[in-house]
J.: 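First the structure, then my questions, so here it is.
FYI, the numbering just counts along the sequence from 1. Note that the structure is predicted; figures quoted are calculated from it, not measured. Because only heavy atoms are used, hydrogens play no part in the values below, and waters and symmetry mates are left out as well, while side chains stay in.
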Amino acid sequence: MTADAGHTHRLTELLRANAEPLIDNWVGAVSALLRGRSTRSELESDFRELFAALLPLVGNDGKDVSGAEFGDIRSFLEEYSRSRVRAGFTPTETASSVFSLKREVFDLTENDNDPELFRQILGFSGLLDALGLLTFDFYARAREEIIREQSEQLLELTTPVVKIWEGVLAVPLVGTLDSARTQVVMEKLLEALVETGSEHAIIDITGVFAVDTQVAQHLLKTVVAARLMGAECIVSGIRPQIAQTIVALGIEFGDIVTKASLADALRHTLRREGVNVVRNEVR
């Protein structure tokens, strides 16, 4: 519901005429709420932009914030919520930044007995409520995006591809191996094979907690992908308990070479390359 231009004129003019003290008090209230975790200059910059976007909407009670007229303020609140997530603020603190303006507007008009102005203020209060609730949605989406980005970055960091010899790459895996991580392993290994021209790849599972049928399938997919790139693939880190589990589950690795340790796998690979590995005994 939108009031006509004549009815919204007085509230709009009041807000414009008192913009400076309103914004100053608004900044002070939110700064106290945030206990100094955001500077006054930062808050003032944000609130001036938000206040400017609010003025054209005076008279709209906020029952439908999906309209085109809300485009600018939605964009602002989405970016504002995203920045609040990254800065470590809570969704309540983020929404309260919007809600706090209501108190300042109420204080500004508390001695005015005009019933029409009172009705306009109620509508403006509803608008701020709708916009404040909108920040909760934006906050939740932004947090999900950031968590997803951090998860992807963590996968990258925990799945290194290391060149351990000329033409030999190693992928030391630690933790659990699921579909998402297998995809990252495949992509990084294949990219490294192309970049280095390596013909041998060692997938070391010494740090993998447990091997079940699903993990074995993930390993097999990675080996097949490497073979399609022309690289021989070895699985190392087959500890006694892992070997017993594989046998008990009836998992078949086929013609894939497996070794107990990364050192054994590297020794095997070097011998395939014609490099004679001799143990140097210290006397």
J.: Roughly how far, to the nearest 0.5 Å, is CG of Leu131 from CZ of Arg74?
T.: 9.5 Å
J.: Charged N to carboxylate O below 4.0 Å: is that the case for Arg16 and Glu13?
T.: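 Yes.
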J.: May I ask you to test the Pro160-Pro172 pair for a side-chain heavy-atom distance under 4.5 Å?
T.: yes
J.: Look at the rings of Phe47 and Tyr80 and say which category their plane angle falls in: under 30° parallel, 30 to 60° tilted, over 60° perpendicular.
T.: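 Phe47 vs Tyr80 ring planes: tilted.
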J.: Could you walk me through whether Val235 and Asp204 satisfy the side chain to side chain contact (heavy atoms under 4.5 Å, CB included) test, starting with their C-alpha distance in whole Å, then the side-chain angles of each, then the deciding distance to 0.1 Å, before giving a yes or no?
T.: CA-CA 6 Å; Val235 178; Asp204 185 70; over 6 Å; no
J.: After noting the C-alpha distance and the side-chain angles of Asp112 and Arg10, does the key distance pass the salt bridge (Lys or Arg N to Asp or Glu O under 4.0 Å) rule?
T.: CA-CA 12 Å; Asp112 196 311; Arg10 185 164 183 229; 2.2 Å; yes
J.: Given the rule in the salt bridge (Lys or Arg N to Asp or Glu O under 4.0 Å) test, do Arg40 and Asp24 qualify, once you have shown the distances and angles that lead to the verdict?
T.: CA-CA 9 Å; Arg40 284 188 65 95; Asp24 186 63; 2.9 Å; yes
J.: In terms of hydrophobic clusters joined by side-chain contacts under 4.5 Å, are Val215 and Met186 together?
T.: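 They do not share one cluster, since no chain of ILVMFWY contacts under 4.5 Å joins Val215 to Met186.
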J.: Please evaluate residues Glu149 and Arg82 with respect to the criterion salt bridge (Lys or Arg N to Asp or Glu O under 4.0 Å), reporting the C-alpha separation (whole Å), side-chain torsions for both, the decisive distance (0.1 Å), and the verdict.
T.: CA-CA 13 Å; Glu149 290 171 2; Arg82 187 184 304 277; 5.7 Å; no
J.: Could you please spell out the steps behind the side chain to side chain contact (heavy atoms under 4.5 Å, CB included) verdict for Leu14 and Asn18?
T.: CA-CA 6 Å; Leu14 276 173; Asn18 295 275; 4.1 Å; yes
J.: Using every non-hydrogen atom in the two residues, find where Ser198 and Gly167 come nearest and quote the distance to one decimal.
T.: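 For Ser198 and Gly167, the tightest heavy-atom pair comes out as CB-O, 3.4 Å.
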J.: State, yes or no, whether a side-chain contact exists between Lys259 and Val257 at a heavy-atom distance under 4.5 Å.
T.: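 Result yes, sub-4.5 Å side-chain heavy-atom pair found.
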J.: Charged N to carboxylate O below 4.0 Å: is that the case for Arg84 and Glu78?
T.: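 Judged by the 4.0 Å cut-off on N to carboxylate O distance, Arg84 and Glu78 do not form a salt bridge.
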J.: Quick one: are Leu169 and Leu193 in side-chain contact, heavy atoms under 4.5 Å?
T.: yes
J.: Is the shortest side-chain heavy-atom distance between Leu266 and Val168 below 4.5 Å?
T.: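 When only atoms from C-beta onward are counted, Val168 and Leu266 do touch, with a gap below 4.5 Å.
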J.: Above 12 or not: heavy atoms from other molecules or residues under 6.0 Å from CZ of Phe118?
T.: no
J.: Check whether any side-chain heavy atom of Val85 lies under 4.5 Å from a side-chain heavy atom of Phe138, and answer yes or no.
T.: no
J.: Nearest 0.5 Å, what's the CZ-CG distance between Arg227 and Leu220?
T.: 9.5 Å
J.: Quick check on the hydrophobic clustering: are Ile73 and Trp26 connected, directly or via other members, by side-chain heavy-atom contacts under 4.5 Å?
T.: yes
J.: Keeping the roles fixed (side chain from Thr135, backbone from Gly132), state whether a donor-acceptor pair exists under 3.5 Å.
T.: yes
J.: For the atom pair CD1 (Ile202) and OG (Ser236), what is the distance rounded to the nearest 0.5 Å?
T.: 6.0 Å
J.: Phe76 and Leu50: which non-hydrogen atoms are nearest, and at how many Å?
T.: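 Answer, listing the atom of Phe76 first, then Leu50: CE2-CB, 3.6 Å.
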J.: Do Glu20 and Arg48 pass the side chain to side chain contact (heavy atoms under 4.5 Å, CB included) test, and can you show the C-alpha distance, the side-chain angles, and the key distance before you say yes or no?
T.: CA-CA 9 Å; Glu20 290 303 319; Arg48 283 187 182 280; 2.7 Å; yes
J.: Ion pair present between Arg103 and Asp107, side-chain N to carboxylate O less than 4.0 angstrom?
T.: yes
J.: Is Leu190 reachable from Val224 through a run of hydrophobic residues whose side-chain heavy atoms are each under 4.5 Å from the next?
T.: no
J.: Please indicate whether Gln241 has more than 12 foreign heavy atoms, meaning atoms of other residues, nucleotides or ligands, lying under 6.0 Å from its CD.
T.: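 Atom CD in Gln241 is crowded, with more than 12 foreign heavy atoms closer than 6.0 Å.
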J.: Return yes if some donor-acceptor pair links the side-chain N/O of Ser75 with the main-chain N/O of Gly71 below 3.5 Å, else return no.
T.: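 Side chain of Ser75 to backbone of Gly71: a pair is present.
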J.: Run the salt-bridge test on Arg272 and Glu232 with the 4.0 Å N-O cut-off and return the result as yes or no.
T.: yes
J.: Between CZ of Phe124 and CG of Leu54, what distance do you get to the nearest 0.5 Å?
T.: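 That separation rounds to 5.0 Å.
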J.: Would you kindly say whether Tyr139 and Thr90 are connected by a side-chain donor-acceptor distance under 3.5 Å?
T.: no
J.: Does the side chain of Phe253 reach to within under 4.5 Å of the side chain of Ile246, using non-hydrogen atoms?
T.: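 They are in side-chain contact.
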J.: Report yes or no: does Arg239 contribute a side-chain atom to a donor-acceptor pair with the main-chain N or O of Thr206 at less than 3.5 Å?
T.: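 Here the side-chain-to-backbone pair exists.
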J.: Report yes if some heavy atom in the side chain of Ile203 is under 4.5 Å from a heavy atom in the side chain of Cys233; otherwise report no.
T.: yes
J.: When clusters are formed by joining ILVMFWY residues with side-chain heavy atoms under 4.5 Å apart, either directly or through shared neighbours, do Phe51 and Leu134 land in the same one?
T.: yes
J.: Would Arg37 and Glu93 pass as an ion pair if we require N to O under 4.0 Å?
T.: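 Glu93 and Arg37: salt-bridged.
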J.: Does the distance from a Lys or Arg side-chain N to an Asp or Glu carboxylate O, for Arg148 and Glu144, drop under 4.0 Å?
T.: no
J.: In terms of heavy-atom contacts, does CD of Glu166 have more than 12 from other residues, nucleotides or ligands at under 6.0 Å?
T.: no
J.: Considering non-hydrogen atoms only, spot the tightest contact between Phe70 and Val65 and give its length.
T.: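 Shortest heavy-atom contact: CB-O, 3.4 Å.
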J.: Does any non-hydrogen side-chain atom of Asp129 lie less than 4.5 Å from one of Phe99?
T.: yes
J.: Side chains of Ser261 and Asp264: any donor to acceptor distance under 3.5 Å?
T.: yes
J.: Give the minimum heavy-atom separation between Thr12 and Leu55, together with the two atoms involved.
T.: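 Closest heavy-atom pair between Thr12 and Leu55: O-CD2, 4.4 Å.
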J.: Can Arg119 and Asp114 be counted as an ion pair, charged N to O under 4.0 angstrom?
T.: no
J.: With hydrophobic residues grouped by side-chain heavy-atom distances under 4.5 Å, do Leu249 and Ile256 end up in a single group?
T.: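 Yes, Leu249 connects to Ile256 through the hydrophobic network.
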J.: I need the Leu34 CG to Thr39 OG1 distance, nearest 0.5 Å.
T.: 10.5 Å
J.: Locate the shortest heavy-atom distance separating Leu127 from Leu57; write the atom from each residue and the value.
T.: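 Looking at all heavy atoms of both residues, the closest pair is CD2-O, 3.7 Å.
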J.: Using 0.5 Å steps for rounding, measure from the CD1 atom of Ile251 to the CD1 atom of Ile242.
T.: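 It is 9.5 Å, given to the nearest 0.5 Å.
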J.: State, to 0.1 Å, how close Ser100 and Ser96 come at their nearest heavy-atom pair, and which atoms those are.
T.: OG-O, 2.6 Å
J.: Keeping the roles fixed (side chain from Ser125, backbone from Ile121), state whether a donor-acceptor pair exists under 3.5 Å.
T.: no
